[in-house]
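Report on the following structure.
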Number of protein chains: 2
Amino acid sequence: MKKVGLKEIAEYVGVSIALVSYVLNGQAEIKQVSKVTADQIKKAAKQLNYRPNQIAKSLKMLKTHTIGLVVADINYRFSTGITRAIEAEAKNANYTVLFGSSNENEETFAELVNVLINRQVDGLILVPAENTQEQIKMLQKAEIPFVLIDRNFPEIKTNHITLDNRKAAYDATIHLVKQGHKRIAFFNYKTTFNHLHDRNRGYQDALKDSNIVFKPHWLKEINSVNRQAEMQQSLNNMLNGDEPCDAAFFATDTLAISGLKYLNKQKIQVPQQVSVLSFDESEAFELFYSPVTHLRQPLQKMGQAAVSTLFELINHNKINKQISFQSDLVIGQSCRE
Amino acid sequence: MKKVGLKEIAEYVGVSIALVSYVLNGQAEIKQVSKVTADQIKKAAKQLNYRPNQIAKSLKMLKTHTIGLVVADINYRFSTGITRAIEAEAKNANYTVLFGSSNENEETFAELVNVLINRQVDGLILVPAENTQEQIKMLQKAEIPFVLIDRNFPEIKTNHITLDNRKAAYDATIHLVKQGHKRIAFFNYKTTFNHLHDRNRGYQDALKDSNIVFKPHWLKEINSVNRQAEMQQSLNNMLNGDEPCDAAFFATDTLAISGLKYLNKQKIQVPQQVSVLSFDESEAFELFYSPVTHLRQPLQKMGQAAVSTLFELINHNKINKQISFQSDLVIGQSCRE
DNA sequence: GATATCACTTTAAACGATTAAACCAAATAT
DNA sequence: ATATTTGGTTTAATCGTTTAAAGTGATATC
């Protein structure tokens, strides 16, 4: 079976390539192609099993109908959720999503972005890795349409879709306080990410507003490269000081899972000995013996917003949107009453 | 910032497009381009921030250096694992992966395959959805290089990478028997998938070889559209008959999670009241109060095998490989001793 | 009978790259 | 003095589309 292009159809029917193109693009009417020829062409196309070469089409049209998506790590629940949402939304508009995972690595991120640009994606949706500000600035200079999601750099003015991280952390902390907790530990990554700092802020603001004096050692900043070990140590410190904390609030699902693993190993009962609350979702949260109370991000809405913002950007050019979404606090049984 | 192509560089330096192409493709030596011009060109390319248009390149070369991957559902642990492995392997060879998820839907699968072909991927790695035999045959007729992974259709001779599902189920069942279980229920999807049937076979063969007479009602076939409800009913039947089963063996991670959720809700103790064993992996398995004994698939090896098989196919054409991998039984604490 | 209009159809340039082949001037060989 | 080689460079076709513009033959208009 040889490749069949417009040329083959044209030869088969005995007309010019142009006519075939017109007909197969639904321009038969406007170009006044005779019904007879049009039908012949359509029939031939089906018979020969014609598949338009999108590569050639893209080259001519200067549009690929493709958007590039770079997530931070395909193993995050956030990534799969947002990918699903974005793919579905893109498909509606007849766009394809080219997808890559930076694994939180700066170079991989840059590389992926470059690969995608070279493939002439019409725009990008990015979950930037740490320290990728230069890449982002480069995109702006090159006038490539893109929108950030989940994370943003406050020093760079970009279109972005984020969670209202401060509010989420604030509300969750208040929830813990209302449950009677007085000493709440917060586990976050040691990071330069603004969105994670916002979570710290929300947590601390809530304590303040509840007239609880924040003790610096309640805020556990964990190095991601050594997560499990540091988590163990932090949890130990938290539980065994002379004023042990009575609740652990985790800034991400990955941190929570690390933490829960260790609590399990140590046979520490949740919520009897310690209450647990976490950002994000996880299959494991539901299945934990005390389903974990968590902050669910509206991934679908966020994905939709990212895609529609990107489309605006692609079509009408210059816009400036910073959209922030609220999370839901999903109550489980991991916080003592 | 306007787009810069070979033309712009050529004009800038004052040479022909051909020279620029030669130099930037590392053909300066063999085409005897003078050092001076070559350096000028390289410098200009960098200065103007030239990005080769892969679309144009692909059109000319009839190669896109892209492989298409269609997984069954991006939310499966299998999918993310295999995607990671495939992406890493492809990247080594300077290939990009175009990725899509069929959500186990026949039409979506066909659509995705078509989109990928139209984008002229050099080859496909597919986790076929149910009843997609015709699509697969079409690919063969069209002589498009592809390899199936995870699942295959025995009636169609294809290249495929699978798990030795019969053996895996067999070994796991034997494990349960050795732990003293006499009445082992097996939960599988009601499906036409061969790879899942193999799991049934392995389970039954193991019972036979252990001189346990298999009772048909031990084999629970669950309709995926109504999973949670059917799972509840099946588990109830299994636990509450006059001869209740003492072990539940799940054919997939998704089934196990459904099952565990219900066991949790009913406060049925694992493994005291019932032992649990499952195919696949899950964050939740580790975190369950009795970490779930499970059959881990060698995703990385499988991904590598898929990519390298595909590359052989793309390069040296006709080959015929059916590779089957062994799984590891990861012992947890969900099976009573 | 000449011209304009209409209904269809073809021609050919372009998109941005690759590359065989042709070209040209200077150096070397005969 | 003429031919050949060498080093360096350009020309032009090509990949599979799209589409403005031009072409064609028949019919309608004055």
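Small disclaimer: the values here were computed from a predicted structure and weren't measured.
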So which pairs with a foot in [range] pass salt bridge (charged side-chain N to carboxylate O under 4.0 Å, His left out), sequence neighbours left out?
range	value
residues 16-40 of chain A	A/E29-A/K35
residues 300-325 of chain B	B/E312-B/K321
residues 74-88 of chain A	A/R84-B/D73
residues 95-114 of chain A	A/E104-A/R151, A/E111-B/K91

For D/dT9, does either OP1 or OP2 sit under 4.0 Å from a side-chain N or O belonging to B/T37? yes
State, to the nearest 10°, the angle formed by the axis through the first five base pairs of the helix from C/dG1-D/dC30 to C/dT30-D/dA1 and the axis through its last five. 80°
Name the nucleic acid region contacted by B/S58, choosing base, sugar-phosphate or nothing; use a 4.0 angstrom heavy-atom cut-off, strictly under. nothing
Start and end of the DNA chain C segment that chain B contacts, any atom under 4.0 Å from a heavy atom: C/dG16 to C/dA20
Strictly by side-chain hydrogen bond (donor to acceptor under 3.5 Å, both in side chains), give each pair with a member in residues 7-18 of chain A just once, sequence neighbours left out. A/Y12-A/Q47
What residue pairs, at least two apart or across chains, pass side-chain hydrogen bond (donor to acceptor under 3.5 Å, both in side chains) with a residue in residues 50-63 of chain A? A/R51-B/N114
Quick one: ring-ring contact (aromatic ring centres under 6.0 Å, His included) partners of A/F99, sequence neighbours excluded? B/F99
Residue set satisfying salt bridge (Lys or Arg N to Asp or Glu O under 4.0 Å) with A/K46, at least two apart, ordered chain then number -> none
Full working for side chain to side chain contact (heavy atoms under 4.5 Å, CB included) between A/Y76 and A/V71: CA-CA 9 Å; A/Y76 297 165; A/V71 300; over 6 Å; no
Expected list for residues 121-133 of chain B: side-chain donor-acceptor pairs under 3.5 angstrom, two or more places apart:
| from | atom 1 | to | atom 2 | distance (Å) |
| --- | --- | --- | --- | --- |
| B/D122 | OD1 | B/T64 | N | 2.9 |
| B/D122 | OD1 | B/T64 | OG1 | 3.2 |
| B/D122 | OD2 | B/T64 | N | 3.4 |
| B/D122 | OD2 | B/H65 | N | 2.7 |
| B/D122 | OD2 | B/Y95 | OH | 3.3 |
| B/E130 | OE2 | B/T191 | OG1 | 3.4 |
| B/E130 | OE2 | B/T192 | N | 2.8 |
| B/E130 | OE2 | B/T192 | OG1 | 2.9 |
| B/T132 | OG1 | B/A129 | O | 2.7 |
| B/Q133 | NE2 | B/E155 | OE2 | 3.1 |

Heavy atoms under 4.0 Å is the rule here; annotate nucleotides 10-19 of chain D 5' to 3' with B where the base is hit, S where only the sugar-phosphate is, and - elsewhere. BB--BBBBBB
